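Below is one structure, written out as structure tokens, with a few remarks after it.
No hydrogens, no waters, no symmetry mates; every other heavy atom, side chains included, goes into these values. Note that the structure is a prediction, hence the values are computed from the model and not measured. First listed ligand is number 1; within each ligand, the first listed atom is number 1.
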Amino acid sequence: MNNLTLTAPAKLNLFLHINNQREDGYHELESLFTFLDFGDELEFNLTDDDQISIIGDTNDIKTEDNLIFKAAQALLPYKQKNQGVTISLKKCLPMGGGVGGGSSDAATTLLALNSLWQCHLDLQILAEIGLTLGADVPVFINGKTAIAQGVGEKLDTVEIEHKWYCVVFPNVHISTAKIFTHPDLPRNTPKLTSQWYIQNTSNDCEALVKKLYPEVEKTLQWLLKYGPSRMTGTGACCFVELDSEQSARRVLSELPNAWQGFIAPSHAVSLAHRQLASWLKE
Ligand SMILES: C[C@@](CO)(OP(=O)(O)O)[C@H](O)COP(=O)(O)OP(=O)(O)OC[C@H]1O[C@@H](n2ccc(N)nc2=O)[C@H](O)[C@@H]1O
Ligand SMILES: Nc1ncnc2c1ncn2[C@@H]1O[C@H](COP(=O)(O)OP(=O)(O)O)[C@@H](O)[C@H]1O
């Protein structure tokens, strides 16, 4: 039980409302998160040295800045095995795309090493550690479709219909901080009432991102041919919801060459959690 491979799933914000800005500069959000069965591949192998090494698609991120490394470091105080780890990363999610790639990698690393290093921390503690790495990390630790409030740490699990999604990345990297610190970002959407409908929700970042990044507006327009399109997170990825894999494949087949895209089904429980549960039963 010294090695484990998990998929760090993509997330979509099926809506993202910004209610206000807190004293500390972070924003109180209300967002419906769901997970897709598609993401980065992380292979964890325990080693006899005491090192944390990351290999594979590290791109231009320095090891010490990689959220995977930061997550592994955060668990060192709880490690019950005197072994290091080599983590091999295959990036499948666009960075800065609004699909939570970095946050998902961090959460998946916490989940994997919690088992491999026999830390035996519960999900609540892991989520608290995760929150120090990013506002989006707790929802991946929880691993269930949920409405998030607070900065993203207060989670209420919800049941929604299983759907297929086509996600399009228009090749622009959008800094989450740039959008959240922009003066034109709306920050006053009221909290949802108990009877809310997806048709009455939105992504409050969309108007600003469309203005700053015309390619995102073009993507949203193009996707409208297939259904109501929406941006996820602070972008740049946009998505359309479809009823079947076949219709999702058709959209993907018609994608303009300049853009990247993928299709995947949503699932009530994140793929990383399902894979970890099977591995623990082995
Ligand atoms: C916007 C969301 C929606 O799911 O996702 P992405 O678009 O990043 O995928 C998340 O809230 C992002 O979470 P995450 O990407 O972990 O953000 P962090 O690294 O914690 O914060 C990056 C920056 O975003 C701003 N930020 C983030 C979350 C929040 N509730 N309020 C904020 O103001 C802050 O300026 C912060 O410095
Ligand atoms: N393992 C990682 N994968 C992706 N991004 C990472 C990783 N480690 C650190 N980062 C940094 O985190 C930033 C946000 O990453 P990501 O979570 O993919 O964005 P988003 O939340 O918008 O999808 C990236 O711009 C990158 O600089």
* So is Phe180 polar-close to ligand 1, meaning N/O to N/O under 3.5 Å? -> no

* Thr234, portion touching ligand 1 at heavy-atom distance under 4.0 Å -> both

* atom 20 (O) of ligand 1: the protein heavy-atom neighbour that sits closest, reported with distance to 0.1 Å -> Ala135 N, 2.8 Å

* Does the protein place any heavy atom closer than 4.0 Å to atom 4 (C) of ligand 2? -> yes

* Can you find a side-chain donor-acceptor pair between Thr176 and Thr234 that sits under 3.5 Å? -> yes

* Asked: When you measure from atom 8 (N) of ligand 2 to every protein heavy atom, which one gives the shortest distance, and what is it?
  -> Leu67 N, 2.9 Å

* Asked: Are Asn3 and Thr5 close enough that a side-chain donor and a side-chain acceptor fall under 3.5 Å?
  -> no

* Would one find an N or O of Leu16, backbone or side chain, under 3.5 Å from an N or O of ligand 1? -> no

* **Closest protein heavy atom to atom 14 (C) of ligand 2, given as residue, atom name and distance to 0.1 Å** => Gly96 N, 4.5 Å

* For ligand 1, is there an atom lying under 4.0 Å from some heavy atom of Gly96? -> no

* Asked: Should Thr181 be counted as touching ligand 1, given the test is an N or O pair under 3.5 Å?
  -> no

* Residues Glu28, Lys191: salt bridge by 4.0 Å N-O rule -> yes

* For Phe180 and Tyr26, run ring pair (Phe, Tyr, Trp, His ring centres under 6.0 Å): C-alpha distance rounded to whole Å, both residues' side-chain angles, the deciding distance at 0.1 Å, then the answer. => CA-CA 8 Å; Phe180 272 115; Tyr26 267 70; 7.9 Å; no

* Can you list the ligand 2 atoms lying under 4.0 Å from a non-hydrogen atom of His173? -> 25 (O)

* Asked: Are side-chain N/O atoms of Thr189 and Glu30 paired as donor and acceptor at under 3.5 Å?
  -> no

* Are the side chains of Asn2 and Gln83 in touch, meaning some heavy atoms are under 4.5 Å apart? -> yes

* Salt bridge flag under 4.0 Å for residues Lys90 and Asp40 -> no

* Asked: Can you tell me the protein heavy atom closest to atom 10 (N) of ligand 2 and the distance?
  -> Ile61 CD1, 3.7 Å

* State, yes or no, whether a side-chain contact exists between Glu215 and Trp259 at a heavy-atom distance under 4.5 Å. => yes

* **Cys92 side, atom SG; Phe38 side, atom CZ - distance, nearest 0.5 Å** => 5.0 Å

* To do: Considering heavy atoms of the protein only, find what lies nearest to atom 2 (C) of ligand 2 and give residue, atom and distance to 0.1 Å.
  => Asp105 OD2, 3.6 Å

* If you count the atoms of ligand 2 from 1 in the order shown, which ones are under 4.0 Å from a heavy atom of Asn66? -> 1 (N), 2 (C), 7 (C), 8 (N)

* Any nitrogen or oxygen of Thr176, main chain or side chain, under 3.5 Å from a nitrogen or oxygen of ligand 1? -> yes

* Asked: Is Ser103 in contact with ligand 1, taking contact as a heavy-atom separation below 4.0 Å?
  -> yes

* Contact check, Gly152 vs ligand 1, heavy-atom distance below 4.0 Å -> no

* **Identity and separation of the nearest protein heavy atom to atom 31 (N) of ligand 1** => His27 N, 2.9 Å

* For ligand 1, which atoms have a heavy atom of Leu29 less than 4.0 angstrom away? -> 11 (O), 30 (N)

* What part of Asn13, side chain, backbone, both or neither, has a heavy atom within less than 4.0 angstrom of ligand 1? -> side chain

* Can you find an N or O of Asp40 that's nearer than 3.5 Å to an N or O of ligand 2? -> no

* Heavy atom of Gln21, distance to ligand 1 below 4.0 Å -> no

* To do: Starting from atom 17 (O) of ligand 2, find the nearest protein heavy-atom neighbour and note its residue, name and distance.
  => Gly102 N, 2.7 Å

